[in-house]
Amino acid sequence: MSSDSDLLDLAESIFADTGADLWKTLEETGLARLTLPESAGGSGGTLTDAAAVLQVAGAHAAPVPLAETDLLAAWLLHAAGLSVPTGPLTAVAGDLHVADGRVTGTLTRVPWGRTAAGIAVLTPSHVVLLTPGQVTVTEGTNLGEEPRDTVTVDADVPTTADAPAGAADELRLRAALGRAQLLAGAARGALARSVQYAGERVQFGRPIGRFQAVQQQLALAAAEVAAAGAAASAAASTAERDGCGAASTAFAVAAAKARAGESAGEVARIAHQVHGAIGVTREHDLRLLTTRLWAWRDEDGSEAYWQAQLGATVTAAGPDALWPLVTGMP
Amino acid sequence: MGPVTQTLSRLPALVPPPTVLPARAAALRAEVRAFLAQERASGAWSPRADVWLSGWDERFTRELGRRGWLGMTIPVEYGGHGGSALDRYVVTEELLAAGAPVAAHWVADRQIGPTLMRFGTEAQRRRYLPRIAAGECYFGIGMSEPDAGSDLAAVRTKADRVDGGWELTGTKVWTSGAHHAHAFFALARSAPPRDVDTGESNRHAGLSQFIVELDSPGVQIRPIPLLTGAHHFNEVVFERVFVPDAMVLGELGGGWAQVTGELAFERSGPERFLSTFPLLTAMLAELAGQPGAEREVGRLVSRLWALRSMSLAVAGSLESGQAPELAAAVVKDLGTRFENEVVDAARTLVAIPPDPGAEAGFARLLADAVLHAPGFTLRGGTNEVLRGIVARGMGLR
């Protein structure tokens with residue numbers, strides 16, 4: 001990728017084009033495996049690149065497992081020394097039984113399980129790559145109607161490897177990091193739609209956006225969108241600079257997912273209030289963004305979960321360590 | 001979702017990309033921390049809330065000047081250090097987080113120095129900048145008036161043309177530190193509110209900025225005690241105060257653009273979310289060993305971390321020559337609300353009542369924070385006015 005703005009322009013044009021086969025385009029342009037090294041068939045991009053693309057995907061409520069494929073499955077398989085298959089992928093941590101090449105067990109709420117060409121599973125001891133023929137899928141969804149399936153396996157699985165050290169923590173962090181980008185993007189999308197609607201909808205003889213009461217609400221939403229975006233981008237920047245295993249990255253990702261999760265509810269609330277009754281109908285597209293905001297804030301660790309993690313870290317470190325933790329410099 | 005692309009592209013960027021501090025920042029930060037540890041150990045001062053309003057300590061300020069931590073962005077030829085705004089950011093946030101007494105130099109270092117570099121004459125720069133960088137010259141800001149607060153263009157202080165300069169008559173209010181300061185920037189009406197070219201009514205036209213030495217004949221400074229009784233604010237009354245032509249700041253009639261141009265710098269700094277940080281640290285110390293508050297602590301810390309990321313992003317953007325007005329307004333809106341959230345967390349999580357008579361510690365920090373908190377969301381533009389700016393930036397007005 002020649003520059004940040006080229007990458008963003010490319011992402012914008014791809015996610016805006018609803019007529020095309022989105023996943024095929026993501027594969028062809030290299031965005032589907034953006035951060036995987038070129039030697040392993042990826043594009044060799046950075047986490048900052050991936051964050052920018054995921055924010056655009058979130059803003060468009062893109063119905064594809066992009067974070068799951070690039071940030072999670074491709075990373076996990078490559079880290080375990082397994083080759084990364086083509087097609088949409090997903091990855092979860094799960095307590096599957098692995099012995100003598102036989103893998104058995106059940107995984108719940110697997111993102112995009114039914115459409116994945118490969119499901120990378122991190123068990124306490126192994127990394128396992130499951131393919132569609134080896135599993136039984138029971139379909140489920142999240143609030144945004146994205147696949148969250150139950151996957152059962154009882155099969156001989158040739159593609160297994162030992163779990164890399166620290167993989168469980170890193171998988172959890174990467175999932176939260178990716179989800180924070182999607183949240184920040186969806187929040188921006190919901191704000192953009194609300195600002196546009198407030199400029200079009202006429203009541204009392206003028207667009208409702210001319211009323212200070214509506215302006216103040218949209219400005220509050222804008223502040224939440226800015227906070228979510230700044231936090232998500234800064235977490236990606238920290239992860240890129242310090243690595244996913246660094247304490248500073250754990251701190252930043254926890255803070256970013258907690259902050260983005262908080263903003264999600266507030267932005268969705270204001271977006272619906274501004275849209276009035278039309279916004280709560282099936283025919284209106286606002287729901288594509290707000291239902292994802294409601295789903296994603298609870299996935300990969302709710303704000304309550306990450307706040308508690310962060311609070312425990314800060315409390316254990318003591319009062320004099322708070323500022324060094326916030327500034328990332330002990 | 002075809003139309004969304006257009007919709008999205010019409011929404012302005014609300015926050016610049018993240019700023020990664022340069023490698024040298026770590027060494028500078030370590031130096032400042034070592035100095036602060038030494039100061040704290042000497043007992044010269046105790047950490048306080050809202051120090052940039054209330055922590056006036058000229059010894060401390062001169063010490064910072066001696067170490068090269070004032071006027072950091074002022075060029076060396078004017079007595080400064082020719083550093084970047086990010087260096088200044090690092091020093092400033094360390095001082096505020098420590099609750100150090102920074103009020104004496106605050107206005108001069110944050111606003112006056114950069115404004116003199118932008119609009120000042122050679123003589124004005126030489127007169128003030130070296131002493132500002134040395135921590136020996138203190139400034140105030142004369143914008144608000146009894147009938148001009150949020151509506152700043154309503155200022156009525158007038159500047160009448162006289163031989164060799166101007167005569168100022170009027171009243172400025174809420175001027176922090178004017179009773180200690182050497183000079184201030186006064187915004188006054190030097191011409192009628194009409195556009196020079198078209199002659200049409202324009203209340204932003206005809207305003208000018210003047211550098212007024214506060215010991216000039218005709219200047220009266222009276223305290224406006226805070227609700228605590230503390231003296232930080234002042235009323236500054238001019239009665240035909242003579243200001244020579246050489247002390248007009250920038251362009252005659254260009255005052256409005258000059259004062260509003262400063263605001264992005266003034267609104268997004270670490271002082272917009274760290275005013276109660278020393279209370280947060282003291283709260284953690286009181287909570288030590290008592291489980292149960294982790295979620296609330298984590299919530300505050302995540303909000304703080306996000307705010308700092310945003311504020312740093314704005315600082316980096318300013319440094320590269322942009323003026324991210326919307327992002328700056330957002331930092332101040334969220335940041336000052338965060339300062340209030342810390343107060344509420346502290347008083348509900350720790351069962352120690354606020355004590356304005358305590359020398360130091362949690363009870364004193366809490367007392368000061370509660371009593372100063374209403375000012376956080378007023379100063380530098382009320383949060384409601386800032387939200388109006390954000391709404392306008394999004395095309396709503």
Side-chain angles (χ1 to χ4, degrees), chain A residues 4 12 16 18 59-61 188-189 191-193 195-196 198-199 209-210 212 214-216 218-220 222-223 225-231 233-234 236-237 241 251-252 254-256 258-259 262 285 288 303-304 306-315 318-320 322-323 325-327 329, chain B residues 1-5 7-11 14-15 17-18 20 26 29-30 93-94 97-98 277 280-285 287-288 291 293-299 301-310 312-313 326-327 329-331 333-334 384 386-392 394-397:
Chain A
D4 294 355
E12 273 293 348
T18 51
H60 289 273
R188 183 172 167 79
L191 173 66
R193 302 224 92 187
V195 168
Q196 181 178 9
R210 299 280 167 210
Q212 284 197 340
V214 176
Q215 290 173 4
Q216 293 275 309
L218 287 169
L220 288 172
V225 169
S233 298
S237 169
R241 190 191 60 214
F251 188 91
R259 188 65 187 89
E262 275 195 318
D285 282 349
L288 299 176
E303 57 264 38
W306 288 112
Q307 285 163 358
Q309 294 279 310
L310 208 53
T313 301
V314 164
T315 312
D320 292 338
L322 173 60
W323 183 245
L325 280 169
V326 170
T327 53
M329 187 185 145
Chain B
M1 293 178 82
V4 176
T5 309
T7 308
L8 276 167
S9 60
R10 272 202 295 266
L11 188 69
L14 293 166
V15 61
V20 178
R29 192 186 295 286
E93 68 171 351
E94 288 295 326
F277 184 83
L280 181 58
T281 310
M283 181 186 96
L284 282 179
L287 288 171
E294 286 84 359
R295 254 199 70 189
E296 184 57 28
V297 168
R299 177 172 181 275
V301 171
S302 74
R303 296 176 80 85
L304 171 62
W305 183 86
L307 274 162
R308 179 173 179 271
S309 301
M310 216 183 318
L312 261 177
L326 291 197
V330 163
V331 168
D333 184 14
L334 282 173
E384 288 73 16
L386 297 174
R387 287 173 210 152
I389 291 172
V390 173
R392 190 175 56 218
M394 296 193 295
L396 290 168
R397 41 181 291 241

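A quick note: this is a predicted structure, and the numbers were derived from the prediction, not measured. Computation of the quantities below employed the complete heavy-atom set of this structure, encompassing side-chain atoms and omitting hydrogens, waters and symmetry-equivalent molecules.
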Enquirer: Any heavy-atom pair between the side chains of B:Met283 and B:Leu280 that's under 4.5 Å?
Expert: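 Side-chain contact under 4.5 Å: yes.
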Enquirer: Only counting residues at least two apart or in another chain, list the ones meeting side-chain contact (heavy atoms from CB on, under 4.5 Å) with A:Pro319.
Expert: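 With neighbours one apart ignored, the set is B:Thr281, B:Leu284, B:Ala285.
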Enquirer: Looking at A:Val326, A:Thr327, A:Leu325, which makes the most heavy-atom pairs under 4.5 Å with chain B?
Expert: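 Ranked by contacts with chain B, first place is A:Thr327.
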Enquirer: For the interface with chain B, which of A:Val214, A:Thr315, A:Leu218 has the highest count of heavy-atom pairs at distances below 4.5 Å?
Expert: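 Max contact count across the listed options: A:Leu218.
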Enquirer: Given a strict heavy-atom distance threshold of 4.5 Å, which part of A:Ala252 is in contact with chain B: side chain, backbone, both, or neither?
Expert: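 Both parts, backbone and side chain.
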Enquirer: Chain A: which of B:Glu94, B:Arg392, B:Arg308 shares the most heavy-atom pairs with it under 4.5 Å?
Expert: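 Of B:Glu94, B:Arg392, B:Arg308, B:Arg308 has the most heavy-atom pairs under 4.5 Å with chain A.
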Enquirer: What part of B:Ala26 lies closer than 4.5 angstrom to a heavy atom of chain A: side chain, backbone, both or neither?
Expert: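 Both parts, heavy atoms under 4.5 Å.
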Enquirer: So, do B:Met394 and A:Gln215 sit near enough that their side-chain heavy atoms are less than 4.5 Å apart?
Expert: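 They are not in side-chain contact.
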Enquirer: Who among A:Ala258, A:Ala198, A:Ala227 has the most heavy-atom pairs with chain B under 4.5 Å?
Expert: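 Highest number of pairs under 4.5 Å: A:Ala227.
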Enquirer: How many angstroms lie between atom CG of A:Leu322 and atom OG1 of A:Thr313, to the nearest 0.5 angstrom?
Expert: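 The OG1 atom of A:Thr313 is 11.5 Å from CG of A:Leu322, to the nearest 0.5 Å.
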Enquirer: Could you list the residues that satisfy side chain to side chain donor-acceptor pair (under 3.5 Å) with A:Gln309, not counting sequence neighbours?
Expert: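 Residues passing side chain to side chain donor-acceptor pair (under 3.5 Å) with A:Gln309: none at all.
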Enquirer: What closest approach, in Å, do B:Ala306 and A:Ala231 show between heavy atoms, and which atom pair accounts for it?
Expert: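 For B:Ala306 and A:Ala231, the tightest heavy-atom pair comes out as CB-CB, 3.9 Å.
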Enquirer: I'd like to know which of A:Ala304, A:Ala256, A:Ser233 tops the heavy-atom pair count under 4.5 Å against chain B.
Expert: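 Most heavy-atom pairs under 4.5 Å with chain B: A:Ala304.
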Enquirer: Measure B:Glu384 against the heavy atoms of chain A and call it side chain, backbone, both or neither at under 4.5 Å.
Expert: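 Its backbone and side chain both get close to chain A.
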Enquirer: Relative to chain B, which of A:Arg259, A:Gln307, A:Arg210, A:Glu262 shows the most heavy atom pairs under 4.5 Å?
Expert: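 Answer, by heavy-atom pair count under 4.5 Å with chain B: A:Gln307.
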Enquirer: For B:Arg303, which atoms come within 4.5 Å of any heavy atom of chain A: side chain, backbone, both, or neither?
Expert: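 Looking at B:Arg303, backbone and side chain both touch chain A.
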Enquirer: Checking the side chain of B:Arg10 only, and the main-chain atoms of B:Gly395 only, is there a donor and an acceptor separated by less than 3.5 Å?
Expert: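 Checked: no pair found.
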Enquirer: How close do B:Leu326 and B:Val390 get, counting heavy atoms only, and between which atoms?
Expert: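 Looking at all heavy atoms of both residues, the closest pair is CD2-CA, 3.8 Å.
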Enquirer: Heavy-atom pairs under 4.5 Å with chain A: which of B:Leu334, B:Val330, B:Val20, B:Leu11 has the most?
Expert: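 Ranked by heavy-atom pairs under 4.5 Å with chain A, first place is B:Leu11.
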Enquirer: Less than 4.5 Å to any heavy atom of chain B: does that hold for the side chain of A:Ser237, its backbone, both, or neither?
Expert: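 Just the side chain, heavy atoms under 4.5 Å.
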Enquirer: Identify the heavy atoms of B:Ala329 and B:Leu386 that sit nearest to each other, and give their distance.
Expert: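 It is O-CD1, 4.0 Å.
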Enquirer: So which part of B:Ala327 gets closer than 4.5 Å to some heavy atom of chain A, the side chain, the backbone, both or neither?
Expert: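 Contact with chain A is absent: no heavy atom of B:Ala327 under 4.5 Å.
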